[in-house]
Engineer: 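Got a structure for you, questions after.
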Amino acid sequence: MDAPRGIPAMEKFDELMNGLDARQRQAVTHKGGPLAVIAGPGTGKTRVLTMRVCYLVCFRGVDPSRVLAITFTNQAAGEIRERLRSLLPRDTSPPRVTTFHQWALDFLKGLPGREDFNPVDEAGARDLLRQAASRTNMDPRAFYRMAEEISLARQHWPLSALEEDAERVLDEYVSLLRKYHLWDYDDLILEAAEVLTGDKDLRDQVRGSLPHVLVDEFQDVSPAQYRLVRCLAQAASEITVIGDPDQAIYGFRGASPEFLREFQRDFHPVTTLRLKSCYRCPQVVLDAAQGVLNRDKGLESRVGQGKKIVFRSFRHPSAEAGWVADTIEKTAGGLSFDAINFGRAGMDETMPLDSIAVLFRARVLGNEVSDALARRGIPFQRADRRDPLAELGLLPAHHLLEAARDRNRDYHLGRLSRLLDKAKHERIWFFLQRVSGLNGADLLEETATFLGLERDSAQMMILKRFASEAGEAASLALFCRNEADLLDIKVEAVRLMSLHAAKGLEFPVVFLIGCDQGILPWEGVPVDEEQRLFYVGLTRAARRLYLSASGRKSLLGRRLAGGFSPFLRAIPSHLLEEKEQKASKYRKPNKPRQRSLF
DNA sequence: GTGCGGATTCTTTTT
DNA sequence: GAATCCGCAC
């Protein structure tokens with residue numbers, strides 16, 4: 001075995017190792033055979049993962065290029081990369097940390113004959129699917145359903161069966177993708193798994209080069225992703241998977257906590273370690289959360305008992321939203337005249353706005369809170385991630401640029417025919433002629449002029465940054481996706497997001513709104529996954545947790561029965577502090593738009 | 001700014 | 001099938 005490398009980081013590493021508890025240390029230093037780490041909320045999952053990588057490289061002398069850490073999101077990958085950078089000695093080349101999709105993309109692009117394939121953005125994929133559906137003359141209303149079914153089927157391995165017409169549409173869709181040399185996100189995983197499954201030599205080669213694979217958030221792997229994991233690691237390797245079956249909330253896209261069990265079978269014998277010390281949530285929160293899952297022991301808090309969970313109920317969502325906004329105002333230390341007037345009775349400490357999160361089951365449920373916060377002038381940020389390119393209004397710019405550079409021109413022109421108005425679309429050939437041979441800032445300038453972008457618009461800012469920072473070969477789509485992450489964070493604002501989006505995050509103060517019958521659990525879906533979703537919501541809270549029922553009467557055209565979420569009953573009552581609402585306040589629903597009348 | 005009609009979305013969503 | 005969004009005409 002090599003001598004330990006990188007002496008400068010050693011002291012720090014020792015110090016960090018001493019900061020770990022016994023179980024964490026065991027996971028970090030495990031040697032010999034596959035390892036599964038079951039890591040409940042706040043038990044130091046990411047820390048164990050990064051420290052283990054560091055341990056492998058620095059102490060076991062593993063070549064960093066033979067270590068691969070896989071995550072689900074770019075953000076998670078970025079965080080791990082960042083932590084590794086500070087842990088590993090400067091002169092060590094950092095190991096590869098990437099997402100499933102990025103790994104698959106790089107792998108596929110390295111294969112002969114596919115160098116000029118590219119991933120298609122979400123809007124583009126939908127467009128092609130629509131094209132495929134239009135050829136078989138189907139009811140346009142059924143399209144939405146079918147799109148979901150097709151995508152779900154493609155998460156499975158092998159592909160699950162589809163209805164006959166869906167099958168036809170899928171075939172047509174895939175041939176369109178291939179014609180334009182495009183992969184959609186599902187393709188990346190499927191293709192990579194397919195290629196590796198069918199080519200033993202290649203599989204052995206990949207496996208041989210990667211004795212150490214680590215997979216984060218393992219409970220979220222889809223069947224196809226699990227297949228890929230099996231291709232990457234042989235049973236005898238030191239593969240490490242980290243996850244928490246109690247936080248499995250992506251069943252609707254094919255994930256299943258089952259794969260943790262399957263992993264233990266397929267990679268037998270697996271060493272399984274459970275992390276039980278929670279460094280995030282107070283005991284009160286843990287007990288409540290475990291009550292929801294019908295467990296009574298398991299996680300132990302290392303941050304104390306904590307305050308009771310506040311529960312309040314309302315007769316109307318706008319009343320709930322008003323209360324949330326008022327409570328936030330007080331918690332944040334008074335931002336308006338009112339807050340100063342009312343004082344901060346009952347508030348023990350003040351919090352910066354970005355330490356506060358409002359969580360909800362479905363996107364629309366955040367609207368009233370957005371309105372209430374806007375009315376009070378409290379800055380907030382909704383983390384409703386969608387296609388950043390479309391959101392920024394840069395879809396036409398992207399396709400124009402790609403067409404101008406003659407990369408897959410047919411495809412991009414096809415998309416532009418739907419995106420541009422008639423007048424512009426008629427001038428498109430003139431535009432292409434005009435910009436031929438141009439590149440860099442000149443090309444962007446012409447594109448912006450053609451589209452009529454305002455000089456100081458957000459779009460222009462991004463285009464300028466794109467021109468100066470990105471290379472000539474980069475696509476605007478990719479640039480925006482990476483930028484969007486950077487632009488999002490760091491703002492001092494209350495965070496509003498869905499329960500799903502909150503997974504993996506923590507906030508000192510958490511509001512979980514809409515704890516009503518019919519919302520949590522959502523009607524018509526498996527209850528156990530909803531339970532876990534509620535569990536995830538509760539365990540985001542590091543200090544204070546507020547639950548509320550909105551009294552909402554209807555949702556998306558569906559009538560609600562009324563009454564509280566049954567999950568609340570599963571919380572032992574001594575953990576709850578039930579506050580009665582004052583009837584006079586928080587009553588009248590008024591839309592902020594009406595204010596413009598005065 | 002208003003109003004109309006057609007398109008699109010609809011629970012959760014990353015890539 | 002209802003709600004919302006978007007482009008377009010006024």
Side-chain angles (χ1 to χ4, degrees), chain A residues 70-78 98-106 108 118-127 129-130 133-134 139-148 151-152 154-155 183-192 216-217 220-222 224-225 228 248-255 359-367 383-391 393 395 418-424 477-478 481-482 484-485 497-504 514 518-526 529-530 532-534 536-537 554-559 593 596-597:
Chain A
I70 305 179
T71 65
F72 278 84
T73 66
N74 284 317
Q75 202 189 348
T98 109
T99 62
F100 272 104
H101 292 85
Q102 189 61 53
W103 186 89
L105 177 62
D106 294 342
L108 290 171
N118 280 301
V120 64
D121 62 287
E122 215 167 0
R126 208 171 339 112
D127 217 54
L129 189 64
R130 193 162 282 134
S134 72
D139 172 14
R141 251 182 301 164
F143 173 75
Y144 181 80
R145 265 271 166 73
M146 183 182 276
E148 276 189 334
S151 181
L152 183 60
R154 302 184 84 213
Q155 309 283 332
W183 286 307
D184 73 5
Y185 291 120
D186 297 330
D187 270 333
L188 296 174
I189 307 294
L190 282 175
E191 286 267 307
D216 195 16
E217 303 278 19
D220 289 338
V221 294
S222 68
Q225 284 163 332
L228 191 54
I249 54 174
Y250 284 105
F252 66 89
R253 62 177 197 209
L359 312 182
F360 33 81
R361 179 61 180 80
R363 222 197 291 257
V364 273
L365 300 177
N367 292 349
D384 301 331
R385 311 190 146 271
R386 279 145 147 252
D387 188 357
L389 204 59
E391 203 128 288
L395 227 38
R418 290 148 199 267
L419 288 167
L420 296 179
D421 57 55
K422 253 184 278 153
K424 283 210 183 72
L478 214 60
R481 203 184 70 204
N482 298 335
D485 287 344
M497 67 186 91
S498 69
L499 287 165
H500 286 85
K503 204 188 67 153
I519 298 177
L520 276 163
W522 196 264
E523 225 172 76
V525 299
E529 181 151 311
E530 296 291 299
R532 295 192 291 268
L533 189 56
F534 195 67
V536 166
S554 69
L555 180 56
L556 298 165
R558 154 169 85 86
R559 281 207 74 72
R593 281 191 203 123
S596 61
L597 292 171

Engineer: Quick check for you: to the nearest 0.5 Å, what is the distance between A/I519 atom CD1 and A/E523 atom CD?
Structural biologist: 10.0 Å
Engineer: Determine whether a donor-acceptor pair (one donor, one acceptor, N or O, separation below 3.5 Å) exists between the side chain of A/R363 and the base of B/dT11.
Structural biologist: no
Engineer: Please work out if A/F252 contacts a base, only the sugar-phosphate, or nothing of the nucleic acid, heavy-atom cut-off 4.0 Å.
Structural biologist: base
Engineer: When all nucleic acid strands are considered with a 4.0 Å heavy-atom cut-off, which category describes A/V525: base, sugar-phosphate, or nothing?
Structural biologist: base
Engineer: Between B/dT9 and A/R126, is there an OP1 or OP2 to side-chain N/O distance shorter than 4.0 Å?
Structural biologist: yes
Engineer: Report the residues that fulfil side-chain contact (heavy atoms from CB on, under 4.5 Å) with A/A501, sequence neighbours left out, ordered by chain and then residue number.
Structural biologist: A/M497, A/S498
Engineer: Would you grab the first and last nucleotide of DNA chain C (5' to 3') that comes under 4.0 Å of any non-hydrogen atom in chain A?
Structural biologist: C/dG1 to C/dC8
Engineer: Can you tell me, in whole Å, how much space there is between the P of C/dA2 and that of B/dT13?
Structural biologist: 26 Å
Engineer: Between B/dT13 and A/S498, is there an OP1 or OP2 to side-chain N/O distance shorter than 4.0 Å?
Structural biologist: yes
Engineer: Within the 3.5 Å criterion, strictly below it, is a donor on A/Q102 or A/T99 matched to an acceptor on the partner's side chain?
Structural biologist: no
Engineer: Find the distance A/E191:CD to B/dT15:C1' and express it as a whole number of Å.
Structural biologist: 16 Å
Engineer: Strictly distance-based, threshold 3.5 Å: is any side-chain N or O of A/H500 a donor or acceptor partner for the main-chain N or O of A/I249?
Structural biologist: yes
Engineer: Tell me whether the OP1 or OP2 atom of B/dC10 has a side-chain N or O from A/Y144 closer than 4.0 Å.
Structural biologist: yes
Engineer: Between A/E529 and A/R532, is the closest basic N to carboxylate O distance under 4.0 Å?
Structural biologist: yes
Engineer: Of A/R130 and A/E148, whose closest DNA chain B nucleotide lies nearer the 5' terminus?
Structural biologist: A/R130
Engineer: Compare the aromatic ring of A/F100 with the six-membered base ring of B/dT15 and state whether they stack according to the 5.5 Å and 30° rule.
Structural biologist: no
Engineer: Does a nitrogen or oxygen in the side chain of A/N74 sit under 4.0 Å from OP1 or OP2 of B/dT14?
Structural biologist: no
Engineer: Expressed in whole Å, how much space separates the P atoms belonging to C/dC5 and B/dT12?
Structural biologist: 14 Å
Engineer: Taking salt bridge (Lys or Arg N to Asp or Glu O under 4.0 Å) as the definition, give me every residue that meets it alongside A/R361, ordered by chain and number, with sequence neighbours left out.
Structural biologist: A/E530
Engineer: Without swapping roles, check the side chain of A/D187 against the backbone of A/D184 for a donor-acceptor pair under 3.5 Å.
Structural biologist: yes
